[in-house]
Amino acid sequence: MAADQETHAPSLDWKQGRVTSWLTTTDHKRIGILYIVTSLVFFGIAGLLALLIRLQLASPDQDFITGDKYNELFTIHGTAMVFLVVVPILAGFGNYLVPLMIGARDMAFPKLNALSFWFFLLGGIVLYGSFFAKGGASSAGWTAYPPLSESEYSPGNGVDLWILSLHLLTLSSLAGAINFTVTILNMRTRGMTFMRMPLFIWAIFTYAVLLILILPMLSGGLTLLLFDRQLGTHFFVPEEGGSALLWQNVFWFFGHPEVYVMILPAFGIVSEVIPVFARKPIFGYAAIAFSTLGIAFAGMLVWAHHLFTVGYGTGLNSFFMIASFLVAVPTGIKILNWLATLWRGNISFDTPMLFALGLISLFVIGGLTGIFVAAYPVDWQLHDTYFVVAHFHYTLFGGSMFGIFAGLYYWWPKMFGRRLDERLGKFHFWLMFAGFNLAFMPQHFLGLLGMPRRIYTYSEGGAWEIYNRLSTIGAFLMAAAMVVFAVNVLRSRRYARVGNDPWVANTLEWFATSPPPPENWTAPLPYVSSPRPLRDLRIRLEETRLG
Ligand code: HEM
Ligand SMILES: [Cu+2]
């Protein structure tokens with residue numbers, strides 16, 4: 001590796017970025033960082049809403065929060081975590097990494113890229129701002145099922161602002177998805193065929209294509225609901241000839257594949273991290289790449305497993321049950337290939353690796369309970385109970401959020417030129433891992449003991465008290481873990497600088513300086529002849545050195 005590439009690039013210190021240059025930037029790296037920082041702030045707010053929910057449920061017969069306010073809290077918490085945190089922070093990683101990993105100068109449409117960020121920010125301001133709307137924020141749940149979401153039962157502007165915010169966020173995601181798809185299809189460097197792309201790129205490509213397929217369905221549904229509320233149409237009003245089940249089908253045709261939009265890039269991060277910290281090539285590159293497409297495809301065929309209790313009958317229920325079971329096959333391929341990569345590896349348990357291993361263990365629990373509720377006779381018992389709340393937090397927090405933390409610790413040195421502190425990182429991981437399981441494992445038992453979701457209190461003397469108390473303690477431990485992370489980030493500006501490739505990794509982003517210059521590359525890119533171009537380059541350099 002040429003000497004000048006090792007020294008950190010002068011005049012690239014982020015402190016020199018003036019506010020205006022950030023406000024007007026079209027650079028994919030800066031837009032990526034704007035997405036990540038904004039999503040983390042939105043995560044903090046949605047996490048605080050969750051703490052209020054847990055405080056209200058910590059003991060029976062609480063009146064710390066009124067029923068109406070409680071309904072607003074879980075509605076905005078759930079909506080924010082999905083649309084303001086997980087989906088956009090993954091767009092942030094994609095924005096920062098896709099051009100660097102495929103050897104491009106920027107995204108295909110830089111200005112459209114900037115626009116999608118500002119739509120995202122505006123959507124977030126509208127959603128959180130809706131708490132101050134007439135009648136308060138939406139309290140119809142993140143699923144906004146009519147007739148509850150119709151103006152008869154949800155007067156005021158809360159639901160209208162919820163719809164406006166989701167329209168802005170959908171536009172933002174759709175613009176981003178088109179940008180990712182065009183960039184990955186057309187801007188890969190010399191030699192980088194599809195079967196030589198990093199697995200994270202496969203994941204972001206699938207994330208983008210899924211969004212393009214499902215977001216128009218959500219936009220259409222939101223518009224019809226707005227018409228019902230504002231123009232007096234009756235699309236979802238059964239008494240007037242409409243259908244409440246139409247909304248449920250429209251919402252979940254989008255909503256279920258949306259969970260794969262939230263997990264596949266996190267899986268992609270794990271597929272990048274595990275081979276680097278196990279010092280072994282990934283086991284079954286092609287199988288993992290195609291299982292990403294397999295999950296997306298099968299995931300489009302299962303949406304009505306959310307409607308098992310509406311009375312569709314054995315035929316339809318059985319189809320959606322079997323289709324839901326099928327998703328486990330490509331998911332299992334990923335899990336087994338990661339374990340095969342770890343097998344006999346020379347593993348170093350740095351923080352990115354700990355979070356990656358955390359994702360595997362927690363997602364397996366979330367996936368297995370998903371199989372339970374995919375069996376519709378079982379779901380008839382557990383639908384809308386805390387068992388379901390526990391299930392999707394194991395997949396969305398234990399899965400997506402743990403993957404996102406792995407990515408933050410792994411790519412932080414590339415983005416900011418310094419590694420986050422390992423001791424604080426490990427403390428963050430173990431506190432989060434313990435807090436998470438204490439918060440959500442007891443919720444499985446609450447569900448089995450019949451506790452419905454979305455209730456703001458419960459009576460004294462039942463079996464639910466201890467589990468709720470434990471769950472609340474767990475939620476506060478998770479909050480403490482996030483404080484440790486914030487301290488690590490704030491102190492990181494004083495840590496030592498690192499070179500291009502602090503982890504001795506495999507993919508092209510580590511060929512650039514840390515952080516990369518505005519034009520990304522300071523030297524001609526190597527010809528890509530495998531999914532591990534940087535490793536190939538290291539070997540070639542070693543061979544020439546040995547002559
Ligand atoms: C930060 C830690 C978190 C805690 C303590 C937490 C806690 C909770 C609780 C207790 C509920 C149930 C409210 C009820 O039914 O009455 C809930 C609902 C929900 N959470 Fe979380 N959550 C957290 C993170 C997340 C994350 C990362 C996601 C991922 C996207 C998420 C998505 C949701 C959704 C979609 C709902 C359903 C809201 C509804 O019923 O409309 N949560 N959360
Ligand atoms: Cu589903």
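For ligands, and for the atoms within them, numbers begin at 1 and follow the listed sequence.
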**Report entry** Stepwise ring-ring contact (aromatic ring centres under 6.0 Å, His included) check, Tyr409 with His428
**Finding:** CA-CA 11 Å; Tyr409 281 96; His428 173 207; 5.8 Å; yes
Query raised in the report: Given the rule in the ring-ring contact (aromatic ring centres under 6.0 Å, His included) test, do Phe180 and Phe205 qualify, once you have shown the distances and angles that lead to the verdict?
Result: CA-CA 7 Å; Phe180 284 131; Phe205 181 71; over 10 Å; no
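At a 4.0 Å heavy-atom cut-off, ligand 1 does not touch Phe402 at all. Contacts between Phe392 and ligand 1 below 4.0 angstrom, taking non-hydrogen atoms only, involve the side chain exclusively.
Taking atom 28 (C) of ligand 1 as the reference point, the nearest protein heavy-atom neighbour is Met81 CB, 3.4 Å. Protein heavy atom in closest approach to atom 2 (C) of ligand 1: Met478 CE, 3.6 Å. With respect to atom 12 (C) of ligand 1, the closest heavy atom belonging to the protein is Tyr386 OH, 3.7 Å. Counting protein heavy atoms only, atom 27 (C) of ligand 1 is closest to Phe397 CD1, 3.4 Å. Counting only heavy atoms of the protein, atom 37 (C) of ligand 1 lies nearest to Arg453 NH2, 3.3 Å. Closest protein heavy atom to atom 5 (C) of ligand 1: Ala50 CB, 3.7 Å. What sits closest to atom 38 (C) of ligand 1 on the protein, heavy atoms only, is Phe74 O, 3.4 Å.
Vertex the Cu ion (ligand 2), arms ending at NE2 of His305 and NE2 of His306: the angle is 100° after rounding to 10 degrees. Computed with atom 21 (Fe) of ligand 1 at the centre, the His77 NE2 to His393 NE2 angle is 180°, stated to 10 degrees.
Side chain to side chain, Lys69 and Ser139 fail the donor-acceptor criterion of an N or O pair below 3.5 Å. Donor-acceptor pairing under 3.5 Å is lacking for the side chains of Trp162 and Ser130.
Remark: ligand 1 atoms within the under-4.0 Å shell around heavy atoms of Met401 are 27 (C).
Closest non-hydrogen pair, Pro330 versus Ser291, comes out as O-CB, 3.5 Å. Across all their heavy atoms, Tyr386 and Arg453 have their closest contact at CE1-CA, 3.8 Å. Of all heavy-atom pairs spanning Leu470 and Pro442, the tightest one is CB-CG, 4.2 Å.
Selection from Met262, Glu258, Gln56, Arg454 by nearest heavy atom to atom 15 (O) of ligand 1 gives Arg454.
For ligand 1, one of its N or O atoms has an N or O atom of Trp142 under 3.5 Å away. Taking only nitrogen or oxygen atoms, main chain and side chain alike, Tyr70 reaches within less than 3.5 Å of ligand 1.
Proximity of Glu272 to Ile269: side-chain heavy atoms (C-beta onward) are nowhere separated by under 4.5 Å.
Here the options are Tyr260, Phe319, Phe253, Trp252, the test is ring pair (Phe, Tyr, Trp, His ring centres under 6.0 Å), and the partner is Trp303; only Phe253 passes.
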